[in-house]
Every structure is written in C-alpha cells, then in structure tokens.
Amino acid sequence: MNWKELYRNKLTTADEAVRHIGSNSRVVIGHAVSEPTAVINAMVKNAEQYENVEIVHMVSMGQSPYCLPGMEKHFRHNSLFLGASTRQAAAEGRADVTPVFFSEIPRLFRTTLPVDVALIHVSEPDQHGYCSFGVAVDYTKPAAECAKTVIAQVNRNMPRTLGDSFIHVSNIDYLVESDDPIIELSPPKIGEVECAIGKNCASLIQDGDTLQLGIGAIPDAVLLFLKDKHDLGIHSEMFSDGVVELVEAGVITNKKKNFHPGKSVVTFLMGTRRLYDYVDNNPEVEMYPVDYVNDPCVIARNDNLISINSCVQVDLMGQVVSTSVGLKQISGVGGQVDFVRGANMSRGGKTIMAMPSTAAKGKVSKIVPLIDEGASVTTSRYDVNYVVTEYGIAQLKGKTLRERAQALITIAHPDFRPELVQAFEERFHSKFS
C-alpha cells in the first residue's frame, strides 16, 4: 500500500480520533505554538468519556481548557513548564509540576513517563509521505516515536522545517485535517530598561560568536544592538522574529560556526507568520529533538557559544532563581541550565543572566541578600558567570563571595543599594568599597 492510500485510510474527524484516548492514559501534547488545537478542543468537548487522563506538556500557548475548574474528574495536567494558561491550576492543586531539564524530557518519555497517546501537529506530507513537525521538534518528535497511539493534526499552514524533523504517514495512527492558523506571538514591547540591558549584553558579544537566545523583550533588545556585528551564528533551543531581521541584514550568517557551519540549529520556534514563512523549506535552518540541541556536550561543541537567559532573582552569592516566586511555581527550568553548562564548557563561551534590576514596578529589588523563602535555585552559583542589568555587568566566575556581592550591588537599582550594602557589611564584616 502506498502512502497516499495509507493517508486516506487513516484520515478521520477530530471527534472520531479522540475516541481512541482511553481513561487512565497519559497524553503528551505537542509543545508551545505547535499544540494541535482542533484535536485538543475535540478531546475537551468529549470530556465526559474520560476519567483520570493525564495531560503532559511544557508551556502551552493556547487556552489549556482541560485545566479549567470542573475538569478534575476527567483530566489532570502534569506540567513540565508552567505557562499563563496553566499556572492557576497548579496553584490551586488541580495540576502537578514535574521538575526536569528540557534536554531530559525525551528520556522521561522512554522510561519514567511512558506515553500512551501523542497529540501532534504536522505539515502536509511531502511527495514521499513525510510530514514535518514544523515549529516544534523538541520533545514532540520523541514523544510520537515512543507513543502507543499517535494522533496528528495535519495543517497546510504548518511550515515544513528541515533537519531531523519528520514523521512518515505510516507511523501515524489517526490523521485529522484542520487548517487552524498556527498560534502567533506579537513582538514584545521594548522599553528603556530593556534597551539598556540589551546594550550591555551586546557588549559581551563578538563577531563570529554563536548565540542562544530566548523569547521576550530582553532577547529582542539584545538583537537590536547586534546590527554592527558580523557573521554571528545560532545554536539555540528556540528563536523568534528578531533573528529573521538579523539574517536579512546579513548579521547572522553562521559562516564562522565550527559545528553545523552555515546552519541555524534550533529545537522549537515561536513568533509571527513572518518567522514561520522564513523557516518553511529553508535549508539554512535545521531542527532537531531537544535531547540533541540542548545536550550540554553538543552545545559545547560550538566554540564561542554565548548563552543569554533571564531570571527572577539573584542573591549576593550569585544563586539564580528563575522558576518560582517564593513558594509559587511560575514556570520551569526549560533549557536554561542545559545552555549555561554547555556555554561554560564551550571554548570561548560565555553565560549571561540578564534581568531588570527591579520588579513590581520598581518596588522590589531582583538582586537580594537572600533568595525568598521557599524559592528554588535554578542555576547554581557555581555555574553563573555574567549577570547583567540596566546598570551594568557583574562578572562572577573566579570571584570570592565577597567580590561577587560587591559586583552585584554595583548593578542593583540605586534605591536598593543601601540595604544591600548593609547586608554585605554584616555578612562579610568589612566595609563596602
């Protein structure tokens, strides 16, 4: 039987496809903007047919209706990275959180968290019957490879990304055609603080460096100040529209990369249609599963790897909190530690933690004597090197605790420096200088 016959035989409606999800099963949903909304909506619409279905995924950029109050009998979310639509359920005890490095999620699916059903979102098949995972290969492809049942939403709007990004029609159990728009993220607003942080970060980046960037105002602000650089490269868990602009400006060429030269390597994408059109069938972009892209040993093979991440709080020892505010879990570790460790092992690599000096509209310092009670350390003081705020750069590697504290105080907001100095002098029994 050729693949076109297979496709026709497996084609069904969303309502019919979700009948093959059993009670007490574990369902893994495709990541971020790649979640198959038509299939998810059908599953939730038919919630009465399920009991105790575990829903597993990282950040959701959709509505996550299975997390709404009243769904507890039918679904329980197990979050690998909380987002806006899932935080409340976790805070109220209606969802669980599993701490895990992004790079290790595929291993979990092969061992501790075996997958019953994978709900994925793919491109239309090519002439050989291969669908692309499009904007999310990450854990989504590994989940589909080890799931007992694979349900795929096939969408002509999904870009066909290249690399290790394909699944053959023969490896999908049920196909649902639905051309929902791929979820888009509007570019963030970049203010004066973000611009100052971006400029400080950019000063640490040299021609020919390879970048790992996240999404949000600070990464986009960094990109604004890179337009005078040359031959930058990308090896990142994700990137967004700002990278496209620098490619078109000739700043990002990947020519100087010693590993995957000429290619931007990434595991998932989030942005606008401009980004999705850019990566479609683009041989300059290669996507791979996260246990490859985020493996610190793979990251370290890139010379001059610059890792830029954001955080919630840094104490005077250099401990970084990124996933919680006190006892309240707000996100997950994602790939932060993967890339910090990879960049630290990279020849010429640098790790940067970038953040505004304050939170809560200037009422709270993000540089503190002690992290909040109940907060969890995301990146240890042994891993952190550069910390950047709008007030400057603190370089911590090789510094004593006393020297680290002094450096961090100098980049704190001026309103909070007196109390930080007082804490410094009490702890170290010496005058701040």
Side-chain angles (χ1 to χ4, degrees), residues 9-32 34-60 62-83 85-86 89-90 92-100 104-122 131 133 136-154 167 169-176 178 289-291 332:
N9 290 342
K10 295 179 178 187
L11 193 61
T12 186
T13 65
D15 285 330
E16 285 295 323
V18 299
R19 292 180 186 273
H20 299 277
I21 299 172
S23 293
N24 303 304
S25 61
R26 177 176 291 118
V27 176
V28 174
I29 294 178
H31 185 213
S34 189
E35 56 188 77
T37 52
V39 178
I40 292 169
N41 290 339
M43 179 181 67
V44 173
K45 185 178 73 173
N46 292 281
E48 291 299 325
Q49 75 183 42
Y50 312 114
E51 287 186 5
N52 193 37
V53 171
E54 181 184 4
I55 305 291
V56 182
H57 59 73
M58 278 185 66
V59 67
S60 167
Q63 300 301 312
S64 304
Y66 41 83
C67 283
L68 294 173
M71 287 289 175
E72 296 90 334
K73 177 183 175 183
H74 311 294
F75 307 111
R76 187 168 182 89
H77 177 41
N78 181 357
S79 176
L80 308 180
F81 191 111
L82 286 172
S85 62
T86 57
E92 295 175 357
R94 294 182 287 104
D96 295 307
V97 177
T98 297
V100 58
E104 294 183 351
I105 292 174
R107 185 189 301 173
L108 282 190
F109 290 157
R110 299 181 188 113
T111 55
T112 309
L113 298 176
V115 183
D116 294 308
V117 182
L119 304 185
I120 64 174
H121 199 173
V122 297
C131 300
F133 281 90
V137 176
D138 46 54
Y139 67 75
T140 310
K141 183 174 188 285
E145 289 171 341
C146 61
K148 297 173 185 174
T149 302
V150 178
I151 300 173
Q153 180 174 327
V154 182
I167 183 170
V169 166
S170 60
N171 293 318
I172 299 171
D173 296 293
Y174 304 99
L175 294 153
V176 176
S178 180
V290 71
D291 50 356

Spatial distance of atom CD1 (I105) from atom OG1 (T98) [nearest 0.5 Å] = 9.5 Å
Can you tell if the side chain of I40 reaches within under 4.5 Å of the side chain of E35, non-hydrogen atoms only?
-> yes
Check P36 against G30 and note the closest heavy-atom contact, atom names and distance.
-> CD-N, 4.3 Å
Flag the pair R76 and E72 as a salt bridge only when some basic side-chain nitrogen lies within less than 4.0 angstrom of an acidic carboxylate oxygen.
-> no
Any side-chain heavy atom of V115 within less than 4.5 Å of one from V56?
-> no
Test item: H77 side-chain N/O and A95 main-chain N/O as donor-acceptor pair under 3.5 Å | no
Approximate separation, where rounding is to 0.5 Å, of R94 CZ and T86 OG1 | 10.5 Å
According to the interplanar angle, ranging from 0 to 90°, do the rings of F109 and Y139 count as parallel (below 30°), tilted (30 to 60°) or perpendicular (above 60°)?
-> perpendicular
Using a strict cut-off of less than 4.0 Å between a Lys/Arg side-chain nitrogen and an Asp/Glu carboxylate oxygen, indicate whether K10 and D173 qualify as a salt bridge.
-> no
Side-chain contact, heavy-atom cut-off 4.5 Å: V290 with E104?
-> no
Look only at the side chain of T111 and the backbone of R107, and say whether a donor-acceptor pair between them is shorter than 3.5 Å.
-> yes
Donor-acceptor contacts, no H, no angles, side chain residues 63-70, under 3.5 Å, sequence neighbours left out:
from: S64; atom 1: OG; to: S60; atom 2: OG; distance (Å): 3.0
from: S64; atom 1: OG; to: S85; atom 2: OG; distance (Å): 2.7
from: Y66; atom 1: OH; to: H57; atom 2: NE2; distance (Å): 2.6

Side-chain heavy atoms of L119 within contact of V28, under 4.5 Å = no
Are any of the side-chain heavy atoms of M71 and V44 separated by less than 4.5 Å?
-> yes
Are side-chain N/O atoms of N24 and N52 paired as donor and acceptor at under 3.5 Å?
-> yes
Could you grab the distance from atom CD1 of I172 to atom OG1 of T149, nearest 0.5 Å is fine?
-> 12.5 Å
Side-chain heavy atoms of V150 within contact of N171, under 4.5 Å = no
Is any side-chain heavy atom of V122 less than 4.5 Å from a side-chain heavy atom of I167?
-> yes
Any side-chain donor-acceptor pair under 3.5 Å between D138 and T140?
-> yes
Could you list all the salt bridge (Lys or Arg N to Asp or Glu O under 4.0 Å) pairs where at least one residue sits in residues 110-122, not counting sequence neighbours?
-> R110-D291, D116-K148
Hey, does the side chain of H31 reach the backbone of A136 with a donor-acceptor pair shorter than 3.5 angstrom?
-> no
With sequence neighbours excluded, give me every salt bridge (Lys or Arg N to Asp or Glu O under 4.0 Å) pair touching residues 46-59.
-> R26-E54
Mind checking the SG-CD spacing from C131 to Q153? Nearest 0.5 Å is all I need.
-> 12.0 Å
Taking the side chain as C-beta and beyond, is there a heavy-atom pair between S79 and D96 under 4.5 Å?
-> no
